[in-house]
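Reading through the structure tokens given below for one structure.
Just so we're clear, the structure is a prediction, and the values are computed from it rather than from any experiment. FYI, side chains are in, hydrogens and waters are out, and symmetry mates aren't considered; it's all heavy atoms of this structure. One-based numbering, in listed order, for ligands and for the atoms of each.
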Amino acid sequence: MCGIVGGVGNLPVREYLIKGLKTLDYRGYDSAGLAYADHKGIHVFRTPGRVSDLDAILPHEIRTSIGIGHTRWATHGAPTEANAHPHSSMSGVFVLVHNGVIENYRHLKNKLEAEGFTFKSETDTEVIANLL
Ligand code: GLU
């Protein structure tokens, strides 16, 4: 079972998301990641390891107040960095995390590939980012 935490507003987003993901630790997971947005764009960090490994690869200071975090329990694709959430659309406009399974993802992926979309992961989740 994965975990999702999101924050927006006047909060220390780095600490808020890491603390939230650690709180969800009991649910079990195989990889972790987060994304935050600032004036330079959307920044994504992912690891096939633990939340503490994610914490270790984040910039020390994050000056923003919007972000999402995820702990993954793989259903589509191995627990690798490429398959860890968040996932981005090809355009980079959409970045998302997801809990569960997209039953018709193969159908959707085939359709999107026929339209020229390419994918960086084996997940069902990335299909949604590009579908948007
Ligand atoms: N189906 C998605 C994946 O394999 C989400 C799994 C989950 O709920 O963590 O990445």
Which distance, rounded to the nearest 0.5 Å, do you find between the [atom1] of [X] and the [atom2] of [Y]?
{"X": "L112", "Y": "E126", "atom1": "CG", "atom2": "CD", "value": "10.0 Å"}
{"X": "S91", "Y": "N130", "atom1": "OG", "atom2": "CG", "value": "7.0 Å"}
{"X": "L17", "Y": "K22", "atom1": "CG", "atom2": "NZ", "value": "12.5 Å"}

Is the shortest distance from a heavy atom of G100 to ligand 1 less than 4.0 Å?
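Within the 4.0 Å threshold, so yes.
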Whether H76 and Y105 hold their rings parallel, tilted or perpendicular, with breakpoints at 30° and 60°
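It falls in the perpendicular class, over 60°.
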Can R106 and D124 be counted as an ion pair, charged N to O under 4.0 angstrom?
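No, this pair does not count.
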Using a strict 4.0 Å cut-off to heavy atoms of [X], name the atoms of ligand 1 that fall inside it.
{"X": "D124", "value": "1 (N), 2 (C), 3 (C), 4 (O)"}
{"X": "N99", "value": "8 (O)"}
{"X": "H85", "value": "2 (C), 3 (C), 5 (C), 10 (O)"}
{"X": "C2", "value": "7 (C), 8 (O), 9 (O)"}

Applying the salt bridge (Lys or Arg N to Asp or Glu O under 4.0 Å) test to D55, which of K19, R14, R50 qualifies?
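It is R14; the other options fail the test.
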Which protein heavy atom lies closest to atom 6 (C) of ligand 1, and at what distance to 0.1 Å?
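Its nearest protein heavy-atom neighbour is W73 O, 3.2 Å.
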Nearest protein heavy atom with distance in Å, relative to atom 3 (C) of ligand 1
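Of the protein heavy atoms, R72 NE, 3.4 Å lies nearest.
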